[in-house]
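Some notes on the structure that comes next.
In this chain, numbering begins with 1 at the start of the sequence shown. Here the structure is a predicted model, which means the values were calculated and not measured.
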Amino acid sequence: MSQSIAANPDRLLPADPGTRSIARDLLQRVQDLPILSPHGHVDAAVIEHNTPFPDPAALLVSPDHYVTRLIHASGVPLDRLRPSKTAEPDSRAVWHEFCKAWPLLEGTASGYWLRTQFESVFGLQQEISPETADASYDAISARLLEPGFRPRQLFKDFNIEVLATTDDPLDNLASHKAIAQDPTFHGRVLPTFRPDAYLNIAHPDWSANVDRLIAAAGDGATGYAGYLTALENRRRYFVEHGAVSADHGVRTPATLKLDAGAAAKLFDRARTGQATAQDRDDFEAHMMYQMARMSVEDGLVMTIHPGSYRNHHEPTFDAYGADTGHDIPFAVNYTEAIRPLLQDFGTAKDFHLVLFTLDETVFSRELAPLAGFYPSVYLGAPWWFLDAPDAMLRFRSAVTETAGFSRSSGFIDDTRAFCSIPARHDASRRIEASFLARLVAEHRVSEDRAHEIIVDLVDASPRRVFKL
């Protein structure tokens, strides 16, 4: 059998031999550095309880909307790939569908990550295909049953130092506390404050969430004042349990400064079901301003993930729920939208604001210039549809000439798939090595400086930006 492309040491490195040689040396400089993952979606309880992984399809296919969306686009119904609200497909049958569709993933980020996992994590000896479907299913299943193939051991094997989760503001963070107090566990698993369902009044559970929030943490206050107090108290609780950031998945990056009276009226209209669409937009924009104000006070890094049209296909949402492959990016405006927030907090001491986008057009036009002036603003790594090799190279090319390297957040894997974490970080390191190697080959950066820069990008930047 010829060498798997996933085992090729030069994967993702430049094709030109001279530039590739430089990239190899740069990659070697950072290849063994620990993984810092300051934004992701792994469940802390999985780490706490060292929960065994499920079967191959439930681990690698059904929950991965990157994978199921593309197979669905080829004509395979989703009920053959993932559970619906009423039924669950047979795991081995799902795996067979995946193996038949494997050629569809060639050239995609998902295909790259999965091929890397198959090679380096699961040790598969054969290429994925319909003919090898049962053999690969059985081989992965056997690996999953091994006593050492559990989250805690893999945490160590993957060389993860920091793993941040994403958590509801009213989560008691019991798993995080148990992990932190466990003397046998030597990594850091940090909670992240994610208040979207408490800020977006268009969310179907917003009013009920607000009731629970104020009752739990409002210190006896009611209305808008109690709401703000409760948010501040829960943020403080997260800080006490190790959180370093608050993440915001908003529709747009709009921010709006309102006086307390106007904000309270908006809040009251929403609570009585009288809010208009404009009210909804204004309230969320104002709460983004308030979240920044709170971050200045409590020190949580503020990250903003806008620009996704959630649940684009209502019949799919009704049958399968959210995060099932039909969230579609749209254009955003940062320069005007974020200005009210930056007017008051852009130069505030120790405020860190990490801006992400799904709209590549704002990289050089808006985000790089913002990060190139405001001390608070950092460039979030390419995210979601953009965390792919060519898109990451486009990002680096678009922002570096304006903002340099120092204004970057470091890589963000943003994943629910625990076993994909090393593959994703390895890909990012290879891309950074490739980009820097080109600058060295073109005599735009010295090789010594490139070695310093790549260590900063991989290790020092996430520590600095996320206050690790």
Side-chain angles (χ1 to χ4, degrees), residues 37 40-74 76-102 104-105 108-124 126-130 132-155 157-158 163 165-166 175 316-317 319-327 413-424:
S37 178
H41 299 276
V42 173
D43 184 356
V46 170
I47 308 296
E48 179 197 1
H49 300 299
N50 207 24
T51 307
F53 294 105
D55 61 76
L59 176 65
L60 298 168
V61 180
S62 295
D64 192 338
H65 56 76
Y66 276 105
V67 173
T68 59
R69 70 190 305 275
L70 194 56
I71 300 175
H72 175 262
S74 74
V76 178
L78 279 179
D79 60 10
R80 285 156 54 181
L81 299 170
R82 62 188 313 146
S84 69
K85 294 180 179 179
T86 59
E88 185 164 343
D90 174 74
S91 175
R92 191 177 288 268
V94 171
W95 188 258
H96 274 261
E97 291 286 358
F98 166 71
C99 290
K100 284 192 291 185
W102 176 244
L104 302 175
L105 296 171
T108 68
S110 301
Y112 178 83
W113 297 328
L114 283 166
R115 184 174 268 121
T116 303
Q117 289 177 75
F118 293 150
E119 170 73 29
S120 61
V121 178
F122 296 103
L124 282 189
Q126 64 276 321
E127 178 73 3
I128 295 296
S129 71
T132 64
D134 284 321
S136 59
Y137 186 94
D138 292 338
I140 295 173
S141 296
R143 187 87 169 98
L144 295 176
L145 292 174
E146 293 177 11
F149 203 87
R150 294 286 186 89
R152 287 187 172 220
Q153 183 59 46
L154 291 180
F155 198 103
D157 293 346
F158 292 166
L163 179 70
T165 61
T166 300
S175 291
T316 296
F317 175 73
Y320 300 95
D323 302 315
T324 49
H326 49 110
D327 295 338
D413 57 66
D414 187 44
T415 187
R416 293 171 172 81
F418 184 75
C419 291
S420 76
I421 290 174
R424 293 173 189 241

Original post:
Atom CZ of Phe317 and atom NZ of Lys85: how far apart are they, to the nearest 0.5 Å?
Top reply: 5.5 Å

**OP:** Identify the heavy atoms of Gln117 and Ala423 that sit nearest to each other, and give their distance.
**Re:** CG-CB, 4.4 Å

**OP:** Flag the pair Phe418 / Asp43 as yes when at least one side-chain heavy-atom distance between them is below 4.5 Å, and no otherwise.
**Re:** no

Original post:
Quick one: ring-ring contact (aromatic ring centres under 6.0 Å, His included) partners of Phe118, sequence neighbours excluded?
Top reply: Trp102

Original post:
Rounded to the nearest 0.5 Å, what separation is found between the CD atom of Glu97 and the CG atom of Asp90?
Top reply: 11.0 Å

Subject >> side chain to side chain donor-acceptor pair (under 3.5 Å) pairs, two or more places apart, involving residues 134-143 >> reply: Ser91-Tyr137, Arg92-Asp134, Arg92-Asp138, Trp95-Ser136, His96-Asp134, Arg143-Glu146

Original post:
Considering residues at least two apart in sequence or located in another chain, which fulfil the side chain to side chain donor-acceptor pair (under 3.5 Å) criterion with Thr68?
Top reply: Arg82

Subject >> Partner residues of Ser74 under the side chain to side chain donor-acceptor pair (under 3.5 Å) criterion, sequence neighbours left out >> reply: none

Subject >> Taking every non-hydrogen atom, the tightest pair across His65 and Thr324 >> reply: CB-C, 3.9 Å

**OP:** Can you sort out the partners of Ala135 under side-chain contact (heavy atoms from CB on, under 4.5 Å), two or more places apart, ordered by chain and number?
**Re:** none

Subject >> Reported CG-to-CZ distance for the pair Leu145 and Arg150, which is rounded to 0.5 angstrom >> reply: 9.0 Å

Original post:
Do the side chains of Leu70 and Ser110 get nearer than 4.5 Å, heavy atoms only?
Top reply: no

Original post:
Given side chains that start at C-beta, do those of Leu105 and Tyr66 come closer than 4.5 Å, heavy atoms only?
Top reply: no

Original post:
Mind checking what makes ring-ring contact (aromatic ring centres under 6.0 Å, His included) contact with His72, not counting sequence neighbours?
Top reply: none

Original post:
Going from CG on Leu163 to CD1 on Ile421, what distance comes out if it is rounded to the nearest 0.5 angstrom?
Top reply: 5.0 Å

Original post:
For residues Ser37 and Asp413, is any side-chain donor paired with an opposing acceptor at under 3.5 Å?
Top reply: yes

Original post:
Quick one: side chain to side chain donor-acceptor pair (under 3.5 Å) partners of Arg424, sequence neighbours excluded?
Top reply: Thr415, Ser420

**OP:** Not counting sequence neighbours, which residues clear side chain to side chain donor-acceptor pair (under 3.5 Å) with Glu88? List them please.
**Re:** none

**OP:** Using the test ring-ring contact (aromatic ring centres under 6.0 Å, His included), find all partners of His41 that sit at least two apart in sequence or belong to another chain.
**Re:** His39

Original post:
What salt bridge (Lys or Arg N to Asp or Glu O under 4.0 Å) pairs are there with at least one residue in residues 50-73, not counting sequence neighbours?
Top reply: none

Subject >> Heavy-atom side-chain contact between Phe155 and Val42 under 4.5 Å >> reply: no

Original post:
Are the side chain of Ser62 and the backbone of Ala58 linked by a donor-acceptor contact shorter than 3.5 Å?
Top reply: no

**OP:** Only counting residues at least two apart or in another chain, list the ones meeting salt bridge (Lys or Arg N to Asp or Glu O under 4.0 Å) with Asp157.
**Re:** none

Original post:
Are side-chain heavy atoms of Ser84 and Asp79 found at a separation under 4.5 Å?
Top reply: no

Original post:
When rounded to the nearest 0.5 angstrom, what is the spacing between CD1 in Ile128 and CG in Leu114?
Top reply: 8.5 Å

In residues 46-54, what donor-acceptor pairs under 3.5 Å come from side-chain atoms, sequence neighbours left out?
residue: Glu48; atom: OE1; partner: Ser175; partner atom: OG; Å: 2.6
residue: Asn50; atom: OD1; partner: Arg152; partner atom: N; Å: 2.8

